[in-house]
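Report on one structure; see the data block that follows.
The shown structure was predicted, so the numbers you read here are calculated from the model rather than taken from an experiment.
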Amino acid sequence: MVQFLSKPTTTFTPKPTPFATFVFIIILCILGFYTLHYPHSSVPTSNSRNASRFQHIFLLSASNYTISSYLRILTQHPHLAGTKPASDTTNYVLNHFKDLGLETRVVNYKTLLSYPVYASLSAHFSDGSFVDFPLTELSGSEQVGQDVVPPYHAYSPSGSAHAKVVFVNYGREEDYRTLGMFGVNVSGCIVIARKGDVLSRGAVVQGAAANGALAVLLYTEGDKFRKGFERGTVMRGIGDPLSPGWAGVEEGESLELEDSEVLKRFPKIPSMPLSIETAETILDLLGGARVPQEWTDTLRSRVMGVGPSPAALNFTYQGEKKVATIQNVLAIIKGMEEPDRYVLMGNHRDAWTYGAVDPNSGTAALLDIARRYALLLRFGWNPRRTIILCSWDAEEFGMIGSTEWVEQNLVNLGSKVVAYLNVDCAVQGSGFFAGATPQLDNILFEVTKKVKDPDSEGATLYEKWAATAGNSNIQRLSGVNSDFAPFVHHAGIPSVDMYYGRDFPVYHTAFDSYKWMIEHGDPLFQRHVAVAGVWGLLALHLADDPIIPFNYHSYVDQLQGYASILSNLFNGTISMHPLTMSIQELASAAKEADDELKKLRFDEAAGDFVELKRRALNDRLMLVEKGFLDADGLPGRQWFKHLVYGPSADYESKLVFFPGIADSIYQSTRMNQREGRAAIQHEIWRVARAIQRAAYALRGELT
Ligand SMILES: *[C@@H]1O[C@H](CO)[C@@H](O)[C@H](O)[C@H]1NC(C)=O
Ligand SMILES: *[C@@H]1O[C@H](CO)[C@@H](O)[C@H](O)[C@H]1NC(C)=O
Ligand SMILES: *[C@@H]1O[C@H](CO)[C@@H](O)[C@H](O)[C@H]1NC(C)=O
Ligand SMILES: *[C@@H]1O[C@H](CO)[C@@H](O)[C@H](O)[C@H]1NC(C)=O
Ligand SMILES: *[C@@H]1O[C@H](CO)[C@@H](O)[C@H](O)[C@H]1NC(C)=O
């Protein structure tokens, strides 16, 4: 237990206060009254129920008190995946679901994790003097984070380097080229880099190794929390490295640590995060060539020169890679009419430190949704489709818990899941952000119209968020930065991701604590309530609406937008015709689906077998996203199957869609003109065929 957590900062105890309980009794009474006065008989389906009534009850049952109490308990101690405290957190979540009477399941995997053993860093000057740099957030009397794992990069190899240091900006290829122009060669040096948006940690280290560096020190710029070290993984790709492409189950196939497939996922040189404070001390030691203007324009710290430094750094890191058991916890609310159709809500539970923002603001929201769903069940709600609340493990090491589960259940997930709704760092600050595959845009807007904006009196979240900029407010899910990645990129499942605020200053540091949340992130827990509202309501619609609320016109619009960006880029040198034709096919399939949907909405217009007709349409609506998958995947990264959304290998690419095309554009620069164009044209055809498959899936008829 950490000291500042034991000082009471608010008056309530971890259990809901008498006041909160009182509020609930009142709400229960009101709802009970409601139930009596709106008997079920008013709806014609067999499982007579009024979905909008339950949505109403769901909204009424929101409580910032319960959410804050869950968060407080979840963040009492650090719970790094694979450690003893993490299993306490697992049990807390599991027991919460059980206490609510929900059916639960714990799914275990054996996966390779990584922990630090020892690290040191010192500077040695020509006169024989030296300085030791502290590699910890522990500061004298404060004793912040005593039980927190020391700063490290998961899966960094162990190693030492005694060498001069060079500043390499973000560590991009172009940064090394710039250094080359100044005659600076990092071969045999330690490099220090600032972390930017474009390169993952692993890519920074890989780039440094490719340029001959011996080790990497990486810091994240910012004004506050200068003492914070940003932990993180440097593994490439996602999922358990010992079971790439399949689930790491007990008794299952597991590669040797020395297998080349495993080794290629890890960097070749050691690395370490630095706090801004430590990084600046090192940057002050540099001399050598002046820092280029393009770098200083965005630099937040003073950098004396790019180096190499006159002083040598002595850096040592020792870590251990260890096979550990990780645990996904699931709570299942069985659907009444279509139990074999699933709506998944997921959040990871493991944290680098206390995890108040990352990820347990999302966990607290998930636990509160469970509480509220349990309440609905008591009022007679039976969802039409099955809802599963998923609490993933080991996301921080590379989305391992969710990826293993997706790999293990690929066929069932691909054919039966309506959508996956992800929330990771639910509350990082102010302002709502959402990402989605485009068929979910509309329902996301509809739901935000029903949820109160947490930061402005009397306004809905929609009014503050989407009303002005429309669907350009919704990002797309090409990034590989949370658990939606395996669902979208590997399984082709329509997905949503959402959060409040971004770029929070305590990210992956010992300061990501309950204290930070109540002082900065969400003092009144109303943003938590808002996220839980959108999240829970989205799932209610996807589970209860007789016709799944997907709109493929948004997908068509989005694809048309992408095609016109490409066509401007290619300037007529590449034929866009295949792409344009396939998008037109999807557009006409979307229109036909729309007409059918209108007929099936009301029983009277639908004719016989209306339920089966709806189910058939729903299946087609669900399958469309699978059309975008390609068995061969992205060239060189075959695990990534989705040809519309996925990570591009070329970080400089401005395209956040069609990753295969983006890669071919990059590769074409290294080919002669004819070959280059042919490579791009081939990728265009692949995407066109994928869109065509999606159109066929929506139409549902064989050619
Ligand atoms: C369904 O519930 C809503 C909201 O509670 C209510 O306004 C509506 O009258 C109900 N409809 C029926 C048919 O009971
Ligand atoms: C940097 O130095 C190494 C070793 O001396 C050498 O192999 C390499 O070619 C140099 N790189 C450049 C870009 O000059
Ligand atoms: C560098 O650090 C390591 C580990 O702390 C230590 O064993 C070694 O003696 C140091 N080397 C020098 C030259 O100080
Ligand atoms: C819940 O919200 C109310 C109203 O904004 C506020 O007065 C109260 O302090 C909040 N409770 C918690 C635990 O944040
Ligand atoms: C695109 O076309 C314009 C005018 O037709 C020309 O000026 C420009 O250089 C072309 N760009 C490329 C990348 O081919």
- Would you please test Leu80 and Thr83 for side-chain contact (heavy atoms from CB on, under 4.5 Å) and show each step? CA-CA 6 Å; Leu80 183 61; Thr83 64; 4.0 Å; yes
- Task: Could you label the plane-to-plane angle of the Tyr507 and Phe504 rings as parallel, tilted or perpendicular, counting under 30° as parallel and over 60° as perpendicular?
- Result: perpendicular
Contact summary for [X] and [Y], nearest pair of heavy atoms:
X	Y	answer
Asp544	Ala51	CB-CB, 4.0 Å
Lys450	Leu59	O-CD1, 3.6 Å
His489	Leu629	O-CD2, 4.3 Å
Leu617	Leu597	CD2-CA, 3.9 Å
Glu396	His348	OE2-CE1, 3.4 Å
Glu395	Asn481	OE2-O, 3.5 Å

- Any residue meeting side chain to side chain donor-acceptor pair (under 3.5 Å) with Glu596, in chain and number order, not counting sequence neighbours: Arg620
- Quick one: list whatever passes side chain to side chain donor-acceptor pair (under 3.5 Å) with Ser87, sequence neighbours left out. none
With [X] via ring-ring contact (aromatic ring centres under 6.0 Å, His included) - residues at least two apart:
X	result
Trp535	none
Phe484	none
Tyr552	none

Student check: side-chain heavy atoms of [X] and [Y] closer than 4.5 Å:
X	Y	answer
Asn422	Val496	no
Tyr109	Asp393	no
Trp352	Asp512	no
Leu440	Ile474	no
Tyr354	Leu74	no
Leu537	Val451	yes
Leu366	Met345	yes
Arg693	Val624	no

Do [X] and [Y] make the cut of ring centroids closer than 6.0 angstrom?
X	Y	result
Phe628	Tyr555	yes
Tyr499	Phe432	no
Trp381	Tyr373	yes
Tyr500	His528	no

Roughly how far, to the nearest 0.5 Å, is the [atom2] atom of [Y] from the [atom1] atom of [X]?
X	Y	atom1	atom2	value
Gln76	Tyr92	CD	OH	8.5 Å
Leu586	Lys591	CG	NZ	14.0 Å
Arg384	Ile548	CZ	CD1	9.0 Å
Ser61	Phe379	OG	CZ	9.0 Å
Lys334	Ile388	NZ	CD1	8.5 Å
Leu376	Ile369	CG	CD1	11.0 Å

- Task: Start with the C-alpha gap between Ser391 and Arg349, add the side-chain angles, then the distance that decides, and say whether side-chain hydrogen bond (donor to acceptor under 3.5 Å, both in side chains) holds.
- Result: CA-CA 6 Å; Ser391 171; Arg349 190 180 62 248; 2.9 Å; yes
Donor-acceptor under 3.5 Å ([X] side chain, [Y] main chain):
X	Y	answer
Ser456	Ala459	no
Ser430	Gly501	no
Arg385	Val417	no
Asp368	Ala364	no

- Within 45° of the axis and under 6.0 Å from the centre of the six-membered ring of Tyr342, does NZ or CZ of Lys416 qualify? no
Is any NZ, NE, NH1 or NH2 atom of the basic residue among [X] and [Y] found under 4.0 Å from an Asp or Glu carboxylate oxygen of the other?
X	Y	result
Asp99	Arg371	no
Asp619	Arg341	yes
Lys98	Glu103	no
Lys515	Glu519	yes
Arg614	Asp545	no

- Kindly determine whether Lys464 and Asp455 satisfy salt bridge (Lys or Arg N to Asp or Glu O under 4.0 Å), including the steps that lead there. CA-CA 9 Å; Lys464 287 287 142 190; Asp455 296 303; over 6 Å; no
- Task: Please test Thr437 against Gln439 for side-chain hydrogen bond (donor to acceptor under 3.5 Å, both in side chains), starting from the C-alpha separation and ending with a verdict.
- Result: CA-CA 6 Å; Thr437 47; Gln439 73 276 60; 2.9 Å; yes
- Message: If you apply the rule side-chain hydrogen bond (donor to acceptor under 3.5 Å, both in side chains), what do you find for Arg699 with Ser588, and how did you get there?
- Response: CA-CA 9 Å; Arg699 208 168 254 142; Ser588 74; 2.8 Å; yes
- Query: What's the verdict on side-chain contact (heavy atoms from CB on, under 4.5 Å) for Ile518 and Phe525, showing C-alpha distance, side-chain angles and the deciding distance?
  - Reply: CA-CA 8 Å; Ile518 57 174; Phe525 283 86; 3.7 Å; yes
- Message: Among Ile443, Asp441, Asn442, Asp557, exactly one meets side-chain contact (heavy atoms from CB on, under 4.5 Å) together with Asn551. Which residue is that?
- Response: Asn442
- Can Val357 and Val427 be said to form a side-chain contact (heavy atoms from CB on, under 4.5 Å), step by step? CA-CA 6 Å; Val357 175; Val427 184; over 6 Å; no
- Where do Ser482 and Asp424 land on the side-chain hydrogen bond (donor to acceptor under 3.5 Å, both in side chains) test, with the steps shown first? CA-CA 7 Å; Ser482 190; Asp424 187 334; 2.9 Å; yes
- Item | Residue pairs fulfilling salt bridge (charged side-chain N to carboxylate O under 4.0 Å, His left out) with at least one residue in residues 82-91, sequence neighbours excluded | Lys84-Asp88
- side-chain contact (heavy atoms from CB on, under 4.5 Å) evaluation trace for Asp483 with Tyr420: CA-CA 10 Å; Asp483 292 302; Tyr420 172 67; 3.6 Å; yes
